Every structure is written in structure tokens, then in C-alpha cells.
Colleague: 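Please read through the structure below; I'll follow up with questions.
Since we're looking at a predicted model, the values are computed, not measured.
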Protein chains: 2
Amino acid sequence: MTPIGFEAHDHADCVRTTLEQAEKVCKARRLRLTPIRRRALEILLAEHRALGAYDLLAVLAAEGLGTAPPVAYRALDFLTSAGFAHKIEGLNAYIACAHLGADHTPAFLICTACKSVAEAETQTTKGRLAEAARDSGFHIERTVIEALGLCPACQDAA
Amino acid sequence: MTPIGFEAHDHADCVRTTLEQAEKVCKARRLRLTPIRRRALEILLAEHRALGAYDLLAVLAAEGLGTAPPVAYRALDFLTSAGFAHKIEGLNAYIACAHLGADHTPAFLICTACKSVAEAETQTTKGRLAEAARDSGFHIERTVIEALGLCPACQDAA
DNA sequence: CTCCATTATGTTATGTTATAACGCATGTAG
DNA sequence: CTACATGCGTTATAACATAACATAATGGAG
Ligand SMILES: [Zn+2]
Ligand SMILES: [Zn+2]
Ligand SMILES: [Zn+2]
Ligand SMILES: [Zn+2]
């Protein structure tokens with residue numbers, strides 16, 4: 001479970017396989033990966049960073065795929081519902097899933113210096129949060145787990 | 001480390017001791033708990049729930065303590081910087097700290113049915129997130145840990 | 001193939017959350 | 001008193017998100 005994002009890696013491959021996975025999942029679950037949705041996923045995938053909805057919209061608009069906010073928000077709704085993207089609550093921004101296909105509980109490491117984001121996985125049933133929940137009888141449906149700090153590269157720079 | 005919020009407890013005492021703690025901390029750190037800031041903290045403390053900035057503003061406005069958004073945001077900035085309140089990123093809302101004075105990393109259990117919020121504590125150096133960070137050499141400065149789900153009472157109701 | 005229901009998209013408007021910028025007031029140190 | 005820092009009043013605007021309704025494309029059922 002290495003967090004993807006900070007390490008050097010074959011990113012072209014990363015993009016390709018994620019898109020393939022997304023298509024496979026859509027086929028299996030009868031979801032429609034329309035041109036707008038597919039392009040939105042590609043845009044998010046371009047970098048391991050979170051993009052604001054309006055940043056995404058700007059790109060889509062420049063490509064003639066729609067100009068009004070609902071274009072972006074609908075695409076993001078689809079992608080997040082399908083598990084192809086996640087919302088980073090701490091940034092009000094969105095990022096492509098780095099473990100598409102794997103059933104996972106995402107956790108994010110967000111570099112405040114270079115803005116890159118790595119997605120790790122945690123196990124919902126373990127960890128301190130789950131423990132606190134069990135202790136008090138709380139039933140967890142969804143978790144938001146985000147760490148803000150400095151990635152290895154930015155620590156070296158400082 | 002029991003999460004405060006779901007259990008029945010002497011809430012009047014809860015409010016009183018938190019305000020006392022806040023005053024003590026302000027004295028020690030030479031922070032100024034002005035009338036607006038103090039009242040904002042009281043308003044947040046009234047219930048173990050998160051309040052939107054504009055909800056807080058509405059109360060302050062009704063009491064003649066200011067009408068424009070900066071009034072609320074400045075008070076919230078002060079309270080969160082001082083550690084007297086926390087922002088719930090998943091709700092864009094703010095809640096009084098339930099462990100004021102204790103040096104802690106907050107984690108929240110948020111009931112999606114009744115909207116109440118319990119604050120638990122986690123240890124920054126343990127847990128899966130810290131583990132993932134260590135693995136990749138990431139330096140954590142702040143964490144956002146929030147669980148959405150059903151509190152014990154709302155589970156029983158369903 | 002045609003019709004129908006469903007899903008997706010276009011469009012306008014608005015709601016919600018948060019900050020910038022500037023000036024005045026007040027408290028404190030030299 | 002003066003200089004500086006901090007808090008507050010006020011106006012305006014930026015940034016994020018959704019409501020509501022019209023039109024179009026898609027994909028089955030018959
Ligand atoms: Zn990559
Ligand atoms: Zn993911
Ligand atoms: Zn209480
Ligand atoms: Zn706290």
C-alpha cells in the first residue's frame with residue numbers, strides 16, 4: 001500500500017491503466033463514461049494534484065465541452081460516485097483515484113508547498129478512528145482522512 | 001479518551017469548565033478573549049454540533065455584535081488558531097473544542113441523521129495515516145480526520 | 001423500427017462559503 | 001505624545017456549489 005504521488009513513476013502508464021480500469025468498471029456496472037466524463041477524468045489524472053471544480057470547468061470550457069458550473073459538478077458527481085475520483089475536503093478540490101478498481105478507504109497526504117497529493121489506503125476497520133467509533137457505538141459510513149504537511153522533496157528543499 | 005458528544009453528560013458543567021480553560025489559556029498565552037470572541041465560543045459551545053459561519057453570524061447579529069461576514073470569520077479564526085474550536089471540513093462548519101487545554105489531534109464522529117458531532121482524540125504518531133506518511137517520508141503538520149455515519153441513538157431509531 | 005422511459009446535457013439563476021481591502025478605534029511601549 | 005500593533009466596522013467581491021427547468025440522446029420493450 002504505497003502512497004502514489006510523491007515517488008517518481010511511469011505516469012503515462014498510470015494514466016493509461018486508470019482509464020482502462022474505469023472503462024472496465026463502467027462496462028461491468030453499466031455506467032456511461034460519456035465524452036465529458038471521460039475527459040474530466042483525464043484532466044484530473046494529468047497530475048497527482050487536486051483540481052478545483054472551476055479549474056476543471058475552465059479546461060472543459062476551453063475545449064468546447066461546456067461553460068456553466070453544472071457541467072463540472074455533474075462530471076465530478078459521476079466520477080466520485082463511481083469511485084473514479086475523490087473530493088479533498090480540506091481543499092474543496094477533486095483528485096482522480098490512484099487505486100481505481102481496488103475497494104479502498106482513501107487517505108491523502110497533501111503537500112502544502114508543492115500542492116501535490118498522494119493517495120494512501122487505510123483499513124476502515126482498524127486504526128484509532130475505528131476504535132473510537134467502536135468504543136462509543138458509532139457506525140461509520142464514510143471517512144475523511146487527510147494529512148497536510150511537506151512531501152519528501154519539499155522537506156529537502158527547506 | 002472517550003469521545004464527548006453522544007453520551008449524556010452534565011453539559012452546563014462542560015460549558016463552564018471549557019470557558020474557564022479558555023480564559024486560563026488566554027491569560028497564559030497573552031491572547032485577548034474579547035466580548036465577540038468569547039460570545040462566539042459560547043455560541044459554539046451551546047451544543048455538541050457544528051455551526052456554519054453564517055449561522056454563528058446570525059446569532060451575533062441578533063445580539064448586536066456585528067452584521068458582516070468578517071465578524072464571524074475573524075472570531076472563528078481566533079478560536080481555531082487558539083485551539084478553542086475546530087473546523088469540520090466535511091461540513092464547512094465549526095465546533096467548539098471538547099478537549100480544550102489538552103494537547104491533542106482531534107478526530108470527529110459526525111452523525112448524518114441528527115447532526116451531532118463527537119470529538120475523539122487520536123495520536124498523531126500512531127495509526128495507519130502516520131504509518132503511510134512514514135513509509136513515504138512525508139512530514140505531517142496537521143490532520144483532518146472525520147467519520148460520517150450514525151450515532152448510537154440514531155441507529156436505535158432506525 | 002417506433003415508442004417510451006431514462007439518463008445526460010444546456011442554460012439561467014441563485015445560494016452558500018470565504019476573503020480582500022481600507023479606514024478608524026483602542027491599547028501599549030518607548 | 002508618538003509609533004506601532006491589534007481589533008473592529010464596512011463595502012465589495014471571490015470562490016464554491018446547487019436549484020430548476022428545458023432539450024436531447026440513449027437504449028430497451030413491444
Ligand atoms: Zn502517476
Ligand atoms: Zn482512491
Ligand atoms: Zn457537553
Ligand atoms: Zn479539540
Colleague: Which nucleotides of nucleotides 24-30 of chain C have their base under 4.0 Å from a protein heavy atom (B), which only their sugar-phosphate (S), and which neither (-), written as one string 5' to 3'?
Modeller: -------

Colleague: Using heavy atoms and a sub-4.0 Å distance, could you list which residues of residues 78-94 of chain A are near DNA chain D? By number, please.
Modeller: A:K87, A:N92, A:Y94

Colleague: Return the set of residues passing salt bridge (Lys or Arg N to Asp or Glu O under 4.0 Å) with B:D13 (not counting sequence neighbours), or none when no residue passes.
Modeller: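 Salt bridge (Lys or Arg N to Asp or Glu O under 4.0 Å) list for B:D13, sorted by chain: B:R16.
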
Colleague: Does either side chain, that of A:H86 or that of A:H99, offer a donor lying less than 3.5 Å from an acceptor on the other one?
Modeller: no

Colleague: Test B:V144 against A:I145 for side-chain contact (heavy atoms from CB on, under 4.5 Å), laying out the working first.
Modeller: CA-CA 6 Å; B:V144 174; A:I145 301 177; over 6 Å; no

Colleague: Within the 4.5 Å heavy-atom criterion, are A:L109 and B:S136 side-chain neighbours or not?
Modeller: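 With C-beta onward as the side chain, the pair touches.
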
Colleague: Could you tell me whether the side chain of A:F78 reaches within less than 4.5 Å of the side chain of A:I36, counting heavy atoms only?
Modeller: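 Counting from C-beta outward, A:I36 and A:F78 never come under 4.5 Å.
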
Colleague: Taking only N/O atoms, report every protein-nucleotides 9-14 of chain C pair under 3.5 Å with atom names and distance.
Modeller:
| from | atom 1 | to | atom 2 | distance (Å) |
| --- | --- | --- | --- | --- |
| C:dT9 | OP1 | A:T34 | OG1 | 2.8 |
| C:dG10 | N7 | A:R74 | NH1 | 2.9 |
| C:dG10 | O6 | A:R74 | NH2 | 2.5 |
| C:dT11 | O4 | A:R74 | NH2 | 3.4 |

Colleague: Are any non-hydrogen side-chain atoms of A:H48 and A:C14 less than 4.5 angstrom apart?
Modeller: yes

Colleague: Angle, rounded to 10°, between the helical axes spanning five pairs at each terminus of the helix from C:dC1-D:dG30 to C:dG30-D:dC1?
Modeller: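 End-to-end axis angle: 30°.
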
Colleague: Return each pair, listed once, that meets side-chain hydrogen bond (donor to acceptor under 3.5 Å, both in side chains) where at least one residue sits in residues 27-41 of chain B; pairs must be two or more places apart or across chains.
Modeller: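 Qualifying pairs: B:E23-B:R38, B:R38-B:E42, B:R39-B:E42, B:R39-B:E63.
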
Colleague: Hey, could you give me each pair passing side-chain hydrogen bond (donor to acceptor under 3.5 Å, both in side chains) that has a residue in residues 146-158 of chain A? Not counting sequence neighbours.
Modeller: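 Every pair satisfying side-chain hydrogen bond (donor to acceptor under 3.5 Å, both in side chains) with a residue in residues 146-158 of chain A: there are none.
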
Colleague: Holding to side chain to side chain donor-acceptor pair (under 3.5 Å), I want the full list of residues that pass it with B:E141, two or more places apart in sequence or in another chain.
Modeller: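 Listed in chain order: nothing, the list is empty.
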
Colleague: Taking any atom under 4.0 angstrom from a heavy atom of chain B, which nucleotides of DNA chain D are the first and last to qualify, 5' to 3'?
Modeller: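 Listing 5' to 3', DNA chain D meets chain B from D:dT6 to D:dT11.
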
Colleague: Heavy atoms, side chains only, cut-off 4.5 Å: are B:F108 and B:I95 in contact?
Modeller: yes

Colleague: Do we see a donor-acceptor contact under 3.5 Å between the side chains of B:H104 and B:E119?
Modeller: yes

Colleague: Quick check for you: to the nearest 0.5 Å, what is the distance between A:T143 atom OG1 and B:L148 atom CG?
Modeller: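 Between atom OG1 of A:T143 and atom CG of B:L148 there are 8.0 Å.
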
Colleague: Provide the full list of salt bridge (charged side-chain N to carboxylate O under 4.0 Å, His left out) pairs with a residue in residues 80-96 of chain B, sequence neighbours left out, each pair given once.
Modeller: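 Qualifying pairs: B:K87-B:E89, B:E89-B:R142.
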
Colleague: Taking only heavy atoms on the protein side, list every residue of residues 18-26 of chain A lying under 4.0 Å from any atom of DNA chain C, sorted numerically.
Modeller: none

Colleague: Which pairs, with at least one residue in residues 92-111 of chain B and sequence neighbours excluded, count as a salt bridge (charged side-chain N to carboxylate O under 4.0 Å, His left out)?
Modeller: none

Colleague: Is A:V71 close to A:L65 at the side-chain level, that is, under 4.5 Å between some pair of heavy atoms?
Modeller: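 No - every pair of side-chain heavy atoms lies 4.5 Å or more apart.
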
Colleague: Using a 4.5 Å cut-off on heavy atoms from C-beta on, say whether the side chain of A:I43 contacts that of A:L51.
Modeller: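 Yes, close enough: below the 4.5 Å cut-off.
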
Colleague: Might you point out which heavy atoms bring B:Y94 and B:L44 nearest each other, and give the distance in Å?
Modeller: O-CD2, 3.7 Å

